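Following: one structure in structure tokens, then a few remarks.
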Amino acid sequence: MGLTDKVNFPQPAKFILNWGRKYSLWVMNFGLACCAIELIAASTSRHDFIRLGVIPVAHGPRQADMLVVAGTLTDKMAPALKRVYEQIPEPKYVISFGSCSNCGGPFWDSYSVTKGVDQIVPVDVYVPGCPPRPEALLEGILLLQDRIGKESLKEHYQRREAAEPEPAFTSTVPIVVGGGSINDTSIRDE
Amino acid sequence: MIFYHFFSNPWAVFALKLAAVFIFFLTAPLFLGYVEHKGLAHMQSRLGPMEAGKFHGWAQLIADGVKFIQKEDIVPDAADRRIFMLAPMIVIIPVSLVFLVIPFGPAAVSCHAPAGAGACGFWGENFDVGIFFVLAISAISVIGMLMAGWASANKFSLIGAIRGAAQLIAYELPLVLAASAVAMQAGTLSLVGIGDAQKAYWFVFPQIARFIIFVIASLAELSRPPFDMPIADSEIIFGHMTEYTGIRFGLFLLSEYAGIVSLSAIAVVLYLGAWHGFFVPWIPGPIWTLAKIGALSFLVIWLRATYPRLREDQLQKMAWKYLIPIALVNILLTMIFKVVF
Amino acid sequence: MAMTKEERTAKLRELEQKIASKKGIGALYGLVKGMSVTMRTMLKPAITTQYPHVKPDLPERTRGVIALKEENCTVCMLCSRECPDWCIYIDSHKDVMPPKTPGARARTRNVLDRFAIDYALCMYCGICVDVCPFDALFWSPHFEYSTDDLSTLTHEMDTLAKWMDFVPPPPPLEDGAEDPSQEGAAADSATPAAGTTEAAETQAPPAREERHDEEPPQIDQEAYDAAIAQGKPDREARALAKKAWILKRRKAQS
Amino acid sequence: MDPQATEGAVVSWPAVFVAIFGAVAAISAVAVVLSRNVVHAALSLVVVLGAAGAIFLVLGAEFVGWTQILIYVGAIVVLLLFGLMLTAAPIGKHALDNQQRGVAFITSAAVFGVFTFIIWRSFGSQRIHLNQVVRTSDIGRSLFSGYILPFEVVSVLLLAALVGAIVLAKKD
């Protein structure tokens, strides 16, 4: 942050900066349902995504670089997701893992399920499957790494800024969940 | 001749030593971090980093560092801004100062420095009270920890800081007692002197208890598993580091690994015969020291892979009920031996 | 007298139990054993598979993606209607074809225009594959189609058809299963392939087709007479007699 | 510190450093009193004690200097902060004032006066020879010969404190 969001670095510096981000993706594990099991499986001995530089389970959102939303996001849980996302420092990436988080999946007609996490947070990679195999997550991570390797941070921030008013939870559209507004800040204090 | 003049200038030598110590301070923790990644992975039947830097992921921690400098620097709204930003420095500076006094080898045979024979050798600085320096300076880190925990305005941070302080208060005592028993046996407080005194036998052999006490207390001071309650990531989300992002968090991590290296080095100097080797005396002293530091650091990683976290009350009980009495008895025994023989 | 390996391990286990149950030593033993376990694991080779470099060896029936064999599809819409997620989109039109014989009515045929599956929504239940009456849909283990754009997860006919390449050949049948190419003619097959299959066939319950070919139940005269004697109407007596005949035959067969 | 410094120079380097650290200690000491936040006050105390330790180091008393840091910074202030954070250490601007400035001023002025007087009286005429390295063994020898009585008295005091702590802790 600081310089990186304002300046377009020349090629060698940009390559090194991108390389660092590419191979150091600390994961904030947002496991919500059955997909979380596959996500955990991807971090265990058999698939072991530390190989790719994805350090599993960052201690908290403040140290994370990547948010993997795995499972059914309900409207009740949506504010928590939004909050975790906001706590992650930029530059941050989101992987939507599985049909439910992609767009509701089997719960496409449910009254309580958020139809896609991209309504709440900007998503960088969608991994299809119900649930996807651990390898599918690895493939999604490879896609993300490929994108990080090519991207320019300045453009990343510009795109993020442009996309920022897009999510539903701005003050103009109060979505009522569980008897209260998502933007209700009173939940923040205890 | 120019080299002779260069090395006879004490300031030039000191600057050179400082640079060497600084490089060691920056590289050793990175190397240890990589070894921890790989060691933990293989102890869990995994491979660990493989892609960063292509060859077995050797550049994983460099990638982490490059990433840390790009991350957004968040200071929470409710935080005490100045203290929050100062805390990582307070933690890392004492740790880096400890590296200054680690002796890696014996004093040079021919020494031309005007400051005297004590000035040249494989160490940054030879203090007369080296061991006291180490113990005093490493105790300062906990102030940084308390500052970080309190200033973050986060309950997890505060709990972590309080746990850390409680742990330090409990384990500083056995640590100092175990170390002072060695100082008594060697008859000097200088780390170089203690290293020299182990020419005949390593100090670990007469009383292995104090070595074990020292290692346990060091683990507790470093908040390493199985004594990582202050940073327990599964309960209090990394304790005092909860709110730290980017390079500040990186500094905390660096200080943790630098702490492992430095305390391992001190343990090697105090107990494991410093630069004195066995069987193969032609291997130079500094390599012996490095090898022993590596072995002890690996033990720290090994313990992390093996044991679960203790409970807070078990930790306190262990310090006050077992370690301190044993350390006191040990001092008494050392004293008796010193007087009798 | 050397002990067998089992005996030796049992003895060691017993000794271990003895040590572990001691109060002070037991704890120490536990600590040391823990260290030895991690060290031994470290010295063994890791079990990790290196995905991007080594492709996973997936079972044939892995539900990775659904492929479409376009020429088999008759646009019956069964899959689309049965899909719990409504994630299959089918468009078609009717093609009018000239009659086969002059003067006959013109024939119509459904032509598939669009067949798309929204994999963002799909729950991979496989109902579409099951209900397809013409074997147009197949499971394929292919899973590498994550994307950065949600709309591209709706895959059209051409992609679905391409995925047919990933569909593995059907797994070999189990022992004793009927040869699908000779369906219906199993009873006539002159020479069974091997003795084992023969044995399996004789033990297996009769196939459904065979049961259909059995002679129709007849009326058991004794039972009929008994029912009439009890004063039951003719209809009921015939039914009871048929039931009795079937029971008798079953008894004779077993 | 500096091998070039010689006795007899008008202003020697150690004197400069003593002055600097003394000023740091004094300013921080004022900050301890004036701070409205308990934790800030405690952290200023760290600076005071650290500067005092540094003065010892400059004057060649290495052992005393590091002991000062080990005991006061590493243990006492940590304990103080620990106690503060366990009880009441609010983050933010909470005014901490006990409205007894007059009494406090008189007390501290009296303490300052007494200490200055005593120290000046006892050591005012002495000169420190910085060329002599203060060896740890010398400190030990003088502690156990010349100052044995105060040493033992302090030990008894600490023992009393220890016993008191145990009694308090066991009371529940």
Side-chain angles (χ1 to χ4, degrees), chain B residues 10-11 76-84 86-87 90 94 113-116 119 127-147 149-154 157-169 172-173 175-176 183 187-190 221, chain D residues 1-4 35-47 49-50 53-54 56-57 60-94 133-140 162 165-166 169:
Chain B
W11 290 109
D77 243 6
D80 194 314
R81 221 182 152 76
R82 266 182 308 162
I83 296 182
F84 184 85
L86 197 67
I90 304 288
F127 282 123
D128 195 24
V129 289
I131 186 167
F132 244 76
F133 169 79
V134 169
L135 295 172
I137 218 86
S138 58
I140 293 178
S141 299
V142 84
I143 299 242
M145 198 166 156
L146 277 168
M147 283 164 70
W150 177 78
S152 294
N154 180 317
S157 299
L158 190 62
I159 292 171
I162 288 174
R163 282 187 183 188
Q167 199 159 315
L168 181 107
I169 292 166
E172 186 75 11
L173 215 49
L175 191 79
V176 173
T188 172
L189 286 174
S190 151
E221 293 244 321
Chain D
M1 291 296 281
D2 186 1
Q4 309 296 326
S35 174
R36 296 198 166 225
N37 188 315
V38 210
V39 175
H40 287 185
L43 292 175
S44 305
L45 192 61
V46 171
V47 181
L49 298 168
F56 279 119
L57 291 180
E62 278 192 15
F63 183 79
V64 181
W66 291 121
T67 309
Q68 166 91 4
I69 290 173
L70 175 68
I71 302 297
Y72 284 92
V73 178
I76 302 283
V77 179
V78 169
L79 204 61
L80 189 73
L81 279 168
F82 179 67
L84 282 178
M85 288 175 188
L86 265 188
T87 50
I91 302 170
K93 291 186 173 54
H94 294 267
V133 181
V134 184
R135 304 202 72 86
T136 315
S137 52
D138 298 339
I139 296 172
L162 211 63
I166 290 170

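Chain identifiers are assigned alphabetically (A, B, ...) following the order of the sequence lines, protein sequences preceding nucleic acid strands; residue numbering begins at 1 within each chain. Quick caveat: nothing in here was measured; it's all calculated off a predicted structure.
- Under the 4.5 Å side-chain criterion, counting only non-hydrogen atoms from C-beta, B:Glu172 is in contact with D:Leu70.
- With a 4.5 angstrom heavy-atom cutoff, B:Ile159 does not touch chain D via any of its atoms.
- Each of B:Val142, B:Ile137, B:Ile143 was checked for a side chain to side chain contact (heavy atoms under 4.5 Å, CB included) with D:Val73, and the lone residue meeting it is B:Ile143.
- To the nearest 0.5 Å, atoms CZ (B:Arg82) and CG (D:Leu43) are separated by 10.5 Å.
- Using a 4.5 Å cut-off between heavy atoms, B:Ile90 does not touch chain D at all.
- Of the atoms belonging to D:Leu79, heavy atoms from both backbone and side chain fall under 4.5 Å from chain B.
- Proximity to chain D is limited to the side chain of B:Ile169, based on heavy atoms less than 4.5 angstrom apart.
- Contacts with chain B were tallied for D:Ile69, D:Val77, D:Ile71; D:Ile69 has the most, counting heavy-atom pairs under 4.5 Å.
- No side-chain heavy atom of D:Val39 sits less than 4.5 Å from a side-chain heavy atom of B:Met147.
- Between D:Trp66 and B:Phe133, the ring-plane angle classifies as perpendicular under the 30° and 60° cut-offs.
- Atom CH2 of B:Trp150 and atom NE2 of D:His40 lie 4.0 Å apart (nearest 0.5 Å).
- One finds the CD atom of B:Gln167 at 11.0 Å from the CZ atom of D:Phe82 (value rounded to the nearest 0.5 Å).
- For D:Tyr72, the OH atom counts as loosely surrounded, since its 6.0 Å shell holds 12 or fewer non-hydrogen atoms of other residues, nucleotides or ligands.
- For chain B, the nearby part of D:Val46 is the side chain; its heavy atoms alone come within less than 4.5 Å.
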